[in-house]
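Below is one structure; the comments refer to it alone.
Computed from a predicted structure; not experimentally measured.
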Amino acid sequence: MSRTVESEPRVSAPVLAAYSYCETVTGQQARNFAYGIRLLPTPKRRAMSALYAFSRRVDDIGDGTLAPDVKGARLDDTRALLTRVRDGEVEEDDTDPVAVALSHAAQHFPIPLGGLDELIDGVVMDVRGETYETWEDLKVYCRCVAGAIGRLSLGVFGTEPGALHAERAPEYADTLGLALQLTNILRDVREDALEGRTYLPADDLAKFGCSAGFSRPEPPAGSDFAGLVHFEVRRARALFAEGYRLLPMLDRRSGACVAAMAGIYRRLLDRIEREPEAVLRGRVSLPGREKAYVAVRGLSGFDARSVSRGAVRRRT
């Protein structure tokens, strides 16, 4: 994948308004994501906001209180809208700002819109109440709801001309998405339990005596909850290590964006590792000053250089 351009022709007033709407949605509902994309040039930032706003719409259908059959119908409607976007049938004066913005973004960046179909597939799994016996089963879900977002984002970022092994960039973007999603699952384990959802693999839960679930603000009696969390943290760290190979393939600002978002989640993982039971008492988060530090690290290229040095050591 080649590097995308940093500028674009003049954007019409209806399209600017559509992007503004998407950026507002992103800023209000995705603080970590919004923090990262602030580091991007304007065209890329707008495109990422359009992707987020569409994805948020899909997620909100799955997370809402509607009956499963109504959710299914809404997801079908959203998939039909995506088809209109893909086929270039959305006009600038369309009444749906998300569709207008996404259509414009897809015209200016090589976004693999099939990834949004995968996202819808993942939310359908949620609506059906699917559970996952093994990590291999859970990976299918994570690739739909997070790996696909990594590949979609790569369509906006592009890769640097001449980047080594750039053909593997979609694979690394996908893997980084898995790392972020597994971190989300650990962070939200109590919140998901209260919604009747269990994402961690059943065989992992059984291995650590946690099959009873997490409906209470303390671990199941007789369980090794800390052992379970540390096991999943190690899995997530391995995914991060693999996914970070994407960073040297990106231009400076795109790499900074990815490093900032991933860095925030890696620090969340550190906190969860230090105090596993905290996830049963409430949502673990980072203060703004720590997010700012992560952003500065990303913008400096520190993480990308670290990955590059590691790759050189592995080859020598």
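Within a 6.0 Å radius of CZ in R56, more than 12 heavy atoms belonging to other residues, nucleotides or ligands are found. Atom CZ of R216 sits in a sparse spot, with 12 or fewer heavy atoms from other residues, nucleotides or ligands closer than 6.0 Å.
The closest side-chain heavy-atom distance from D60 to Q29 is below 4.5 Å. Side-chain contact between L250 and E160 is absent, with no heavy atoms from C-beta onward closer than 4.5 Å. Within the 4.5 Å cutoff, the side chain of V258 has no heavy atoms near those of the Y172 side chain.
Screening I37, L119, L152, I149 for a side chain to side chain contact (heavy atoms under 4.5 Å, CB included) involving L51 leaves a single residue, L152. Put simply, the residue from R128, R143, R79 that forms a salt bridge (charged side-chain N to carboxylate O under 4.0 Å, His left out) with D121 is R79.
Atom CD1 of I61 sits about 4.5 Å away from atom CG of L75, to the nearest 0.5 Å. With rounding to the nearest 0.5 angstrom, the CG atom of D137 is 9.0 Å from the OG1 atom of T131.
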Check the pair T134 / D204 against side-chain contact (heavy atoms from CB on, under 4.5 Å), numbers first and verdict last. CA-CA 7 Å; T134 67; D204 291 354; over 6 Å; no
Show the numbers, then the answer: is there a side-chain contact (heavy atoms from CB on, under 4.5 Å) between V85 and F54? CA-CA 11 Å; V85 170; F54 187 92; 5.7 Å; no
Test side-chain contact (heavy atoms from CB on, under 4.5 Å) applied to R151 and E118, step by step: CA-CA 11 Å; R151 287 177 268 118; E118 293 180 57; 3.0 Å; yes
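The ring-ring contact (aromatic ring centres under 6.0 Å, His included) test applied to Y21 returns no partner, not counting sequence neighbours. Contacts of F240 classified as ring-ring contact (aromatic ring centres under 6.0 Å, His included), with partners at least two apart in sequence or in another chain: none. For D59, there are no salt bridge (charged side-chain N to carboxylate O under 4.0 Å, His left out) partners, not counting sequence neighbours. R234 is linked by a salt bridge (charged side-chain N to carboxylate O under 4.0 Å, His left out) to nothing, counting only residues two or more places apart in sequence or in another chain. Annotation: side-chain hydrogen bond (donor to acceptor under 3.5 Å, both in side chains) contacts of R237 (sequence neighbours excluded): D270, E273. Scored by the salt bridge (charged side-chain N to carboxylate O under 4.0 Å, His left out) test, R45 finds E23 as partners (sequence neighbours excluded).
For the pair G62 and V123, the tightest heavy-atom approach, listed with the atom from each and the gap, is CA-CG1, 3.5 Å.
Between the side chains of Y141 and D126, at least one donor-acceptor pair of N or O atoms lies under 3.5 Å. No side-chain donor-acceptor contact under 3.5 Å links T175 and E242.
Here R57 pairs with D96 in a salt bridge; the nearest charged N to carboxylate O distance falls below 4.0 Å. Between R168 and D174 no salt bridge is recorded (no basic side-chain N to carboxylate O distance below 4.0 Å).
By the 30° and 60° cut-offs, the orientation of the rings of F208 relative to F231 is tilted.
In summary, the aromatic rings of F109 and F157 are positioned with their centroids too far apart to meet the 6.0 Å limit.
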